[in-house]
Amino acid sequence: MSEPFDIHCDQFQIMLNQYGCILNLMSSNPIHPQQNHYLGTVRMSSEHLKVMIFLIRRQILEYERAMGEKIPVHGEALNSLTIGKEDWDTLWR
């Protein structure tokens, strides 16, 4: 069993296949922005991933309702991930 960890990441890669999901966590290198620092890998089943996404979304929506404002995500970030504004808005209704 690996040791528990507490990290901050600002980048990730996700890979899905018929066997499950691999989530690689990384942090940006402030001196060399093109070089990421690998932090670790989290593996889980596709079913676990889907339930986790649902629960995270629900918790974010509850938080935003309680605070009375939406958590802002810059349009450039969405564009870089090829996420359309309409798709984004539909998800966070």
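Keep in mind the model is a prediction, meaning the values are calculated, not measured.
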Non-hydrogen side-chain atoms of L49 and L23 separated by less than 4.5 Å: no
Side-chain heavy atoms of H37 within contact of N29, under 4.5 Å: no
Please identify each residue that fulfils side-chain hydrogen bond (donor to acceptor under 3.5 Å, both in side chains) with [X], with sequence neighbours left out.
X: Y63; answer: none
X: S46; answer: none
X: S28; answer: D10, Q11

Starting from [Y], can I reach [X] by hopping between I/L/V/M/F/W/Y residues whose side chains sit under 4.5 Å apart?
X: W92; Y: V73; value: yes
X: I83; Y: F12; value: yes
X: L16; Y: Y19; value: no
X: M26; Y: M15; value: no

Contact summary for I22 and R43, nearest pair of heavy atoms: CG1-CG, 4.3 Å
Under the side chain to side chain contact (heavy atoms under 4.5 Å, CB included) test, residues paired with I7 that sit two or more places apart: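 Only F5, L25, L39 meet the side chain to side chain contact (heavy atoms under 4.5 Å, CB included) criterion with I7.
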Within 6.0 Å of CD in Q18, more than 12 heavy atoms from elsewhere: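 Yes.
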Contacts under 3.5 angstrom, residues 54-62 side chains, donor-acceptor by atom type, not counting sequence neighbours:
residue: R57; atom: NE; partner: L91; partner atom: O; Å: 2.8
residue: R57; atom: NH2; partner: L91; partner atom: O; Å: 2.8
residue: R57; atom: NH2; partner: R93; partner atom: O; Å: 3.4

Pairs satisfying side chain to side chain donor-acceptor pair (under 3.5 Å), at least one member in residues 70-90, at least two apart: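 Passing the test, one end in residues 70-90: K85-D89.
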Point-to-point distance, once rounded to the nearest 0.5 Å, from CD1 of I14 to CD1 of I53: 6.0 Å
